[in-house]
Amino acid sequence: MTELNQLDLYKEMVRIRQFEARVLNEYHADKSPAWDIGAGLIPGEMHLSAGQEPAAVGVCAHLKKGDAITAPHRPHHFALSHGVDMNAMMAEIYGRTTGLCKGKGGHMHLFDPENHFSCSGIIAQGYPVACGHAMAFKRKGTDHVAVAVAGEGAANQGAFHESLNLAALWNLPVVFVIEDNDWAISVPRSASTANTSNADRAAGYGMPGVRVENNDVEAVFEAAGAAIDRARAGEGPSLLEIHTVRLWGHFEGDAQAYRGAELETLDERDPIPAYAAAIGLSDDQVAAIKAEADSEVDAAVRFALDSPVPTADDALLHVFA
Amino acid sequence: MTELNQLDLYKEMVRIRQFEARVLNEYHADKSPAWDIGAGLIPGEMHLSAGQEPAAVGVCAHLKKGDAITAPHRPHHFALSHGVDMNAMMAEIYGRTTGLCKGKGGHMHLFDPENHFSCSGIIAQGYPVACGHAMAFKRKGTDHVAVAVAGEGAANQGAFHESLNLAALWNLPVVFVIEDNDWAISVPRSASTANTSNADRAAGYGMPGVRVENNDVEAVFEAAGAAIDRARAGEGPSLLEIHTVRLWGHFEGDAQAYRGAELETLDERDPIPAYAAAIGLSDDQVAAIKAEADSEVDAAVRFALDSPVPTADDALLHVFA
Amino acid sequence: MTATETPTSEGTRRITTAKAMAEAIALEMRNDPNVFVMGEDVGAYGGIFGSTTDLFAEFGADRVIDTPISETAFIGAGIGAATEGMRPVVELMFIDFYGVCMDQITNHMAKIHYESGGAVKVPMVLMAATGAGYSDAAQHSQSLWGTFAHLPGIKVVAPSNPYDAKGLMASAIRDDNPVLYLFHKGAQGLVWMAKNPRSIAHVPEEAYTVPIGEAAVAKEGSDVTIVTISLSVQHSLDVAEKLEGEGISVEVIDLRSLVPLDTETVLASVAKTGKLLVVDEDYKSYGMTGEIAAIVAETDPTMLSKPMVRLAVPDVPIPYARTMEYGILPTRDKIEAAVRELAS
Amino acid sequence: MTATETPTSEGTRRITTAKAMAEAIALEMRNDPNVFVMGEDVGAYGGIFGSTTDLFAEFGADRVIDTPISETAFIGAGIGAATEGMRPVVELMFIDFYGVCMDQITNHMAKIHYESGGAVKVPMVLMAATGAGYSDAAQHSQSLWGTFAHLPGIKVVAPSNPYDAKGLMASAIRDDNPVLYLFHKGAQGLVWMAKNPRSIAHVPEEAYTVPIGEAAVAKEGSDVTIVTISLSVQHSLDVAEKLEGEGISVEVIDLRSLVPLDTETVLASVAKTGKLLVVDEDYKSYGMTGEIAAIVAETDPTMLSKPMVRLAVPDVPIPYARTMEYGILPTRDKIEAAVRELAS
Ligand SMILES: Cc1ncc(C[n+]2csc(CCOP(=O)(O)OP(=O)(O)O)c2C)c(N)n1
Ligand SMILES: Cc1ncc(C[n+]2csc(CCOP(=O)(O)OP(=O)(O)O)c2C)c(N)n1
Ligand SMILES: [Mg+2]
Ligand SMILES: [Mg+2]
């Protein structure tokens with residue numbers, strides 16, 4: 001099992017947060033006065049993962065080159081932790097020809113074959129695809145692992161059930177990750193899910209299931225390590241539910257009235273300052289790490305802004321190979 | 001709870017068996033010498049339930065008028081036990097205008113609104129619809145119950161998962177029945193299902209789950225009674241898995257080579273003679289009950305044969321109400 | 001043809017398409033206790049695209065029901081409830097999500113009435129948001145009405161303005177058949193999306209219906225016929241008004257429903273102008289543009305004094321970047337160019 | 001146009017369409033270890049409609065994989081395996097079951113290559129049985145090729161005979177794109193289903209390809225053009241041969257694939273005959289018949305010396321009883337009547 005490196009975990013969380021804070025800022029920068037979702041340098045729906053960094057960082061610490069991730073509509077934290085190039089990702093978000101997908105995909109459809117990363121806007125549908133990645137890894141005789149990520153809302157989709165059964169039945173090297181941030185847009189977990197832990201559902205497939213509480217990156221790291229090692233050793237799939245927090249709106253522009261008083265508690269629940277305190281970082285260290293992340297993000301924004309915009313005719317390419 | 005009446009349970013099982021034996025006979029009667037699935041008085045796919053009578057009879061003994069059933073592609077046993085008129089059902093199987101569906105539906109799509117019975121050829125998709133029946137019953141303030149039936153193969157379909165979660169979450173009066181006959185066409189349970197009992201999956205929705213072994217009609221009766229009473233009392237859904245046996249092919253014409261030596265054991269596993277012995281019926285009683293059933297079936301065949309065939313233009317009716 | 005029912009911007013009370021939809025649902029809910037609403041975020045949130053605004057406040061959680069993200073289960077539940085006498089209005093958030101619940105929609109909702117030989121009715125409305133234009137990319141921007149219009153058993157409506165939105169919703173709820181009600185996000189009049197002023201218009205306060213299956217002549221004209229639906233009606237009217245000044249007279253037919261299709265209104269217009277442009281935000285091939293071509297070609301191809309023109313998404317998924325997205329959408333510019341070409 | 005590739009019944013080795021499919025898969029599997037097959041009952045059973053006959057015996061359970069009834073999971077798994085370099089051949093038993101897995105098919109299989117800006121390929125074959133004619137009713141009898149042809153990103157092929165079945169399967173497996181391979185149950189040549197002798201024909205033993213996107217002129221003629229696909233090609237050829245004797249010369253175009261569509265071959269034939277009949281076992285509206293109409297109407301409607309005729313399922317679900325089912329199918333009788341009408 002990979003060794004836990006607290007500083008690395010912290011730095012990666014900060015890197016993700018600074019990336020997303022910047023996207024948030026740029027996203028809103030040029031949509032006023034009349035706020036228009038389709039306007040600005042970064043248009044469209046934008047689902048940011050602030051608060052959920054522990055899930056991605058704790059899981060991806062165990063992955064090596066060649067392992068695959070399928071992420072959902074809220075993909076940035078897993079993408080960055082898994083090694084997707086920040087410049088190419090930012091350029092994709094800006095819709096540029098240098099983007100991961102040449103501007104065709106956008107933030108919900110990021111494809112990076114080099115790092116075996118992909119995501120999709122249809123919830124839970126990355127689960128079946130991850131089973132296929134795992135099949136290929138197994139057929140090729142490698143020890144690679146496929147990680148599939150979805151939210152707690154998505155766990156009530158049929159694809160969840162079918163995929164868990166298939167992976168268990170075929171003993172595939174998959175780790176199914178559920179990020180439980182208590183909400184599916186405006187619908188709380190209590191109004192979507194009949195039982196309290198998806199880890200309990202794993203038993204229905206004869207698969208180990210673990211729920212990690214408290215959004216604790218080290219606990220995620222431990223649980224994910226066990227699941228990933230298990231898969232790598234050919235012992236089959238596991239399910240890992242991580243109780244986390246969505247600090248911002250479901251998508252940008254979401255006023256979140258439905259969250260009521262919970263909104264006031266969010267600052268306290270931010271896992272990043274909490275982890276800085278837990279591992280005893282000084283203010284200077286915190287500032288330095290943030291500054292380092294910011295400069296990487298600055299460069300990515302510059303890269304994106306300097307990149308060409310696709311032409312209208314580019315839209316006609318790539319329907320068929 | 002309804003009281004267990006052994007003779008009634010037996011008679012109903014025989015009634016179903018004689019109905020299906022006759023359908024089997026008529027189905028094959030005029031398809032030779034070159035066996036052609038589309039030929040004869042009864043054309044098309046034909047899925048018979050011989051061996052599975054205990055499931056239907058044990059469950060339906062507890063249902064009253066107004067309770068609903070959604071059955072799958074193998075529907076006859078549940079239809080007959082639930083009170084669907086044998087004449088109209090036989091006429092539908094013969095594709096006549098007097099059929100339940102005027103010849104439009106056929107044996108996989110039987111609709112009897114009076115008895116709140118329906119079935120469908122897409123496996124597991126009756127589960128969601130049953131949730132809707134239950135919603136309506138609850139909204140109307142009745143104590144009616146919706147029963148949804150599927151096979152163990154179907155339990156690996158996404159609709160199963162979504163429906164169980166929904167019903168548990170909304171505390172709907174539904175009883176989910178799984179008929180585990182060990183096979184999904186040629187695929188054995190071991191090649192379709194990662195765990196050994198679907199009853200265990202119920203726990204993942206915080207729902208009671210019971211598995212009845214041995215194809216025992218009285219055990220089904222007891223377990224179904226508890227589940228149906230629970231639903232009727234407003235205490236929510238349950239899952240009931242019944243281990244049963246498919247005595248004949250998946251559909252008629254299925255040579256069943258894939259079953260190998262198991263084929264030779266089937267006669268011994270027929271639940272009907274076994275139950276006759278268990279409840280101490282004499283040969284005369286057995287013969288008399290069979291004769292009574294046969295005469296009802298004879299009449300149904302006569303009714304069907306005497307009924308008009310639809311015209312080609314009838315096909316154009318009933319797309320829209 | 002029902003030119004008289006064409007919405008008008010005259011009148012004092014002007015509301016958005018979204019509000020008009022919600023208002024129609026509220027009126028039906030007040031009148032009929034069997035009507036209820038379910039879907040993702042239709043409750044307190046009011047529907048991601050405003051289709052259920054204020055319903056939760058008036059009718060509460062028992063009649064305006066937030067669901068898990070289980071489209072197969074809750075659309076199936078809508079079907080089951082409908083067959084037991086309810087009149088559910090079920091929202092599928094984006095039509096792009098049809099793929100996770102298509103079996104319930106097309107093998108059950110659409111077929112039960114037929115399969116049962118008319119014995120069972122499925123009086124249900126399935127509503128869903130359609131359309132592109134705000135960089136939501138390939139999985140959240142489709143129109144797909146052609147897909148559903150191809151499959152028998154479902155009425156398919158798609159309003160272009162607030163007046164029709166309200167009247168078609170009332171008709172849909174009262175209809176004894178399943179109705180797929182497709183509303184274009186860009187025609188909802190949402191505060192957070194660019195919009196055409198045509199998305200906010202006069203709508204009478206009282207209940208009324210717009211019949212399903214009747215096209216509207218949204219604008220009369222004599223040189224070129226544009227047959228279109230949904231948001232593209234707004235674009236087409238803009239173009240028609242602009243070209244009017246130059247002496248090009250464009251007739252704009254708003255189909256309003258694809259099933260049933262009002263072939264009469266289409267044919268009458270093409271017979272008059274001899275020039276046909278079909279504008280469709282759905283994919284080009286095997287869809288609405290083809291169907292309109294066929295009803296002309298099987299009636300009388302000599303009606304066409306020039307080859308018809310199809311303007312639709314050119315069989316590519318919807319790309320993210322704005323330049324590419326607008327490159328493939330049937331924009332005003334492209335409509336105008338096509339009309340000029342036909343009129344020349 | 002590739003009239004030379006038209007299958008011929010000359011030659012010694014005559015096999016069924018089903019066998020020809022399975023043989024093509026076997027040849028590809030021998031050559032390329034990345035090819036594997038999965039689906040329900042594709043193993044020992046050999047596929048419900050014979051598409052995987054004998055593969056299990058040769059390649060074993062590791063390469064010919066029976067799946068649970070979890071179409072979303074195993075089609076998704078096929079996609080995932082394809083993006084990681086495999087070439088899966090996945091069977092969806094009946095195309096009618098598309099509704100439980102449509103999201104994987106159209107939002108993932110079809111779009112990944114485009115969404116990724118060409119970075120990711122999905123070299124996968126999805127095969128499924130289509131068609132009616134043996135009383136399998138509304139949920140097991142559809143053709144639905146129009147549905148898939150409408151949605152960009154999937155090649156859609158449907159062979160009408162053993163020769164094409166083998167050659168198109170080889171092309172499909174070698175293609176770097178997702179290919180939906182639709183085989184008509186009634187053209188498989190199964191022992192347990194009524195069949196046209198055209199379903200058993202000479203097929204070379206060695207591997208060969210039939211290109212995807214080229215129609216075949218199945219029969220040349222000069223009076224009337226029939227454009228059709230799949231089993232209806234067999235019916236159309238029967239009618240054409242019969243009418244030949246009466247001096248009515250019918251050209252039969254077997255499209256073989258709907259995506260890409262060989263418009264050139266269609267237009268050349270219509271230009272020659274001026275009379276167009278489109279025969280389609282899929283639903284009539286918003287489908288293949290419309291698309292063919294449109295390519296004529298947007299090219300040159302004056303090509304048609306008479307209104308075109310569409311013969312397709314008249315927008316009703318497929319009924320069970322034989323009288324009704326044959327009432328709505330495009331049978332030889334109806335094809336003949338339509339040709340006579342056009343030729344008169
Ligand atoms: C099949 C499907 N249904 C609905 C949606 C719309 N949708 C997008 S995200 C979302 C909520 C997802 O909740 P969850 O899975 O908990 O993930 P989170 O957003 O909390 O990260 C919904 C309903 C979708 N994308 N796909
Ligand atoms: C969604 C779907 N996939 C596949 C089929 C084809 N099919 C019909 S019955 C069947 C096997 C069903 O097995 P099970 O659920 O165990 O029921 P049984 O036939 O044993 O009664 C299959 C695969 C179908 N009807 N629907
Ligand atoms: Mg969530
Ligand atoms: Mg079974």
Side-chain angles (χ1 to χ4, degrees), chain A residues 66 68 70 92 97 99-106 108-114 116 118-122 124-140 142 144 146 148 157-167 169-170 172 174 310 314-315 317-321, chain D residues 33-36 38 62-63 65-88 90 100-124 152-155 175-179 212-213 259-260:
Chain A
T70 57
E92 186 59 31
T97 58
L100 271 180
C101 308
K102 303 194 169 73
K104 286 211 158 82
M108 276 192 284
H109 318 93
L110 301 168
F111 290 86
D112 178 358
E114 198 198 316
H116 301 260
S118 64
C119 62
S120 140
I122 310 293
Q125 297 287 333
Y127 271 40
V129 175
C131 291
H133 293 159
M135 279 182 85
F137 296 157
K138 209 175 155 178
R139 300 183 78 78
K140 289 179 189 164
T142 72
H144 284 304
Q157 182 75 205
F160 167 93
H161 171 70
E162 295 193 6
S163 302
L164 266 70
N165 182 59
L166 200 78
L169 185 70
W170 291 352
L172 297 175
V174 191
D314 286 345
L317 304 174
H318 306 307
V319 178
F320 290 117
Chain D
N34 294 317
V35 179
F36 70 93
M38 65 178 159
D62 183 53
R63 291 185 73 192
I65 307 170
D66 275 334
T67 62
I69 316 177
S70 306
E71 288 85 355
T72 288
F74 73 74
I75 292 177
I79 295 167
T83 62
E84 288 292 341
M86 303 286 120
R87 303 188 90 85
V90 183
V100 303
C101 49
M102 192 63 163
D103 188 67
Q104 285 295 339
I105 300 173
T106 61
N107 268 331
H108 297 83
M109 188 180 87
K111 290 181 185 164
I112 284 175
H113 183 69
Y114 187 84
E115 287 173 333
S116 73
V120 180
K121 290 188 181 119
V122 189
M124 157 169 174
I154 312 172
K155 296 190 178 178
D175 204 300
D176 275 345
N177 297 288
V179 177
I212 298 176
V259 179

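Note that these values count all heavy atoms, side chains included, but never hydrogens, waters or copies made by symmetry. Within every chain, numbering begins at 1; the chains are lettered A, B, ... in the order of the sequence lines, protein sequences first and strands thereafter.
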Practice prompt. Would you please test A:Gln125 and D:Thr72 for side-chain contact (heavy atoms from CB on, under 4.5 Å) and show each step?
Written response: CA-CA 8 Å; A:Gln125 297 287 333; D:Thr72 288; 3.6 Å; yes
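- Looking at A:Ala148, neither its backbone nor its side chain comes within 4.5 Å of chain D, counting heavy atoms on both sides.
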Fill in: Worked verdict on D:Thr106 versus D:Lys111 for side-chain contact (heavy atoms from CB on, under 4.5 Å)
CA-CA 7 Å; D:Thr106 61; D:Lys111 290 181 185 164; 5.7 Å; no
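- Contacts between A:Asp112 and chain D at a heavy-atom distance below 4.5 Å are absent for every atom of the residue.
- For the set A:Glu92, A:His161, A:Lys140, the count of heavy-atom pairs under 4.5 angstrom toward chain D peaks at A:Lys140.
- Of the listed residues (A:Leu100, A:Val319, A:Ile122, A:Leu166), the greatest number of heavy-atom pairs within a distance under 4.5 Å of chain D belongs to A:Ile122.
- For chain A, the nearby parts of D:Lys155 are the backbone and the side chain; heavy atoms of each come within less than 4.5 Å.
- Listed options A:Pro113, A:Gly99, A:Gly126 were ranked by heavy-atom pairs under 4.5 angstrom with chain D; first place goes to A:Pro113.
- Proximity to chain A (any heavy atom under 4.5 Å) is restricted, for D:Val259, to the side chain, taken from C-beta onward.
- When D:Asp176, D:Asp175, D:Asn34 are each tested for a side chain to side chain donor-acceptor pair (under 3.5 Å) with D:Arg87, only one passes: D:Asp176.
- Contact annotation for A:Tyr127: neither backbone nor side-chain heavy atoms come within less than 4.5 Å of a heavy atom of chain D.
- No side-chain heavy atom of D:Glu84 sits less than 4.5 Å from a side-chain heavy atom of A:Met135.
- Distance check, rounded to the nearest 0.5 Å: CE of D:Met86 to CZ of D:Phe36 gives 7.0 Å.
- One finds the CH2 atom of A:Trp170 at 5.5 Å from the CD1 atom of D:Ile65 (value rounded to the nearest 0.5 Å).
- Both the backbone and the side chain of D:His113 come within less than 4.5 Å of a heavy atom in chain A.
- With a 4.5 angstrom heavy-atom cutoff, D:Met38 touches chain A only via side-chain atoms.
- Neither the backbone nor the side chain of A:Leu110 comes within contact range of chain D, judged by heavy atoms closer than 4.5 Å.
- At least one donor-acceptor pair closer than 3.5 Å links the side chain of A:Lys104 to the backbone N or O of A:Leu317.
- A donor and an acceptor atom, one from each side chain of A:Thr70 and A:His133, are nowhere located under 3.5 Å apart.
- Considering only heavy-atom pairs separated by less than 4.5 Å from chain A, the leading option among D:Ser116, D:Ala81, D:Gly118 is D:Ser116.
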